[in-house]
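The structure appears below as structure tokens.
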Amino acid sequence: MRGAEEIVWAGGANQFRLAIGELRTIEQRCNAGVSVVLMRLLGQQWGTDDVVQPILLGLTGAGMSEGEAKRCLDRAYSTSNLYGLAINAAAILQKFIMWDPDGDVPGEPQAGAVSQTQTRSQTDAPSGQPTTAQEPF
């Protein structure tokens with residue numbers, strides 16, 4: 001399970017965590033999938049809950065009480081506008097739906113590793129023999 005991460009946002013530096021339960025709650029409260037919520041935030045097409053829910057649920061997901069999370073968000077809203085908080089919400093949501101646990105993609109070699117698979121050049125025939133025929137124009 002992915003742990004909480006400290007994120008610096010308009011409310012200061014806090015621990016945030018969005019696990020499956022929090023992500024599903026965001027979907028229910030925003031009436032859209034989390035990727036849609038993220039796209040709305042990034043595309044400046046968000047609603048208030050698109051901004052508020054990732055922040056609140058991220059704080060409570062990391063262990064903060066719901067009451068303290070609401071007070072923390074209220075304090076942040078007194079020093080930042082909703083647009084600034086939308087940027088924070090997008091960063092928080094992105095951190096927990098677009099992460100790479102190992103830093104590499106399955107099936108790709110480690111950085112600096114030599115690939116053991118052979119690829120055919122464009123001049124090789126399917127049998128692996130070089131071709132000599134010219135392609136027609």
Side-chain angles (χ1 to χ4, degrees):
M1 183 183 317
R2 180 145 189 201
E5 292 195 30
E6 184 172 281
I7 298 174
V8 178
W9 67 295
N14 291 99
Q15 293 288 316
F16 288 86
R17 181 172 176 268
L18 293 172
I20 294 296
E22 288 84 15
L23 293 171
R24 286 182 173 156
T25 301
I26 289 170
E27 291 179 339
Q28 291 170 349
R29 293 181 182 176
C30 296
N31 197 31
V34 289
S35 63
V36 173
V37 174
L38 179 60
M39 298 292 26
R40 292 191 306 215
L41 289 164
L42 295 173
Q44 301 175 16
Q45 300 291 318
W46 44 265
T48 304
D49 272 333
D50 294 340
V51 175
V52 170
Q53 295 306 319
I55 295 171
L56 284 177
L57 291 165
L59 290 168
T60 58
M64 188 180 285
S65 73
E66 187 175 338
E68 181 56 30
K70 287 180 181 179
R71 287 189 293 278
C72 190
L73 181 59
D74 287 344
R75 285 190 302 271
Y77 187 58
S78 70
T79 61
S80 180
N81 58 41
L82 199 55
Y83 179 79
L85 292 175
I87 294 168
N88 296 152
I92 293 162
L93 193 54
Q94 189 172 18
K95 175 77 80 176
F96 289 95
I97 66 171
M98 298 177 70
W99 59 282
D100 186 4
D102 297 322
D104 58 330
V105 179
E108 289 189 7
Q110 294 285 340
V114 177
S115 175
Q116 296 298 320
T117 60
Q118 293 182 347
T119 58
R120 194 170 50 112
S121 75
Q122 292 180 355
T123 59
D124 284 349
S127 67
Q129 300 299 315
T131 60
T132 56
Q134 295 283 331
E135 291 189 25
F137 294 116

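Only this structure's heavy atoms are used, side chains among them; waters, hydrogens and symmetry mates stay out.
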**Report entry** Heavy-atom pair of closest approach, residues Thr60 and Glu66
**Finding:** CG2-CA, 3.7 Å

Query - Note, Tyr77 side chain near Val52 side chain (heavy atom, < 4.5 Å) - result: no

Query - ILVMFWY cluster, Ile55 and Val8 together (side-chain gap under 4.5 Å) - result: no

Query raised in the report: Which pairs, with at least one residue in residues 76-90 and sequence neighbours excluded, count as a salt bridge (Lys or Arg N to Asp or Glu O under 4.0 Å)?
Result: none

Query raised in the report: Is it true that Trp46 and Leu42 fall in one hydrophobic cluster, defined by side-chain heavy atoms closer than 4.5 Å?
Result: yes

Query raised in the report: If Ile, Leu, Val, Met, Phe, Trp and Tyr residues are connected whenever their side-chain heavy atoms lie under 4.5 Å apart, and connections chain through other members, are Val34 and Ile20 in the same group?
Result: no

Query raised in the report: Considering residues at least two apart in sequence or located in another chain, which fulfil the side-chain contact (heavy atoms from CB on, under 4.5 Å) criterion with Glu68?
Result: Met64, Ser65, Arg71, Arg75

Query raised in the report: Which pairs count as salt bridge (Lys or Arg N to Asp or Glu O under 4.0 Å) when at least one residue sits in residues 77-86, sequence neighbours excluded?
Result: none

Query raised in the report: When rounded to the nearest 0.5 angstrom, what distance separates CZ in Phe16 from CZ in Phe96?
Result: 8.5 Å

Can you give each donor-acceptor pair under 3.5 Å made by side-chain atoms of residues 83-94, sequence neighbours left out, with the distance rounded to 0.1 Å?
{"residue": "Tyr83", "atom": "OH", "partner": "Gln44", "partner atom": "NE2", "Å": "3.2"}
{"residue": "Asn88", "atom": "OD1", "partner": "Ala10", "partner atom": "N", "Å": "3.1"}

Requested in this report: Please list all pairs passing the salt bridge (Lys or Arg N to Asp or Glu O under 4.0 Å) test where one or both residues lie in residues 31-52, with sequence neighbours left out.
Outcome: Arg40-Asp50

**Report entry** Verify same cluster id: Ile26, Val36 (apolar side-chain graph, 4.5 Å)
**Finding:** no

Query raised in the report: According to the side-chain hydrogen bond (donor to acceptor under 3.5 Å, both in side chains) rule, which pairs have a member within residues 18-33, sequence neighbours left out?
Result: Arg29-Gln53

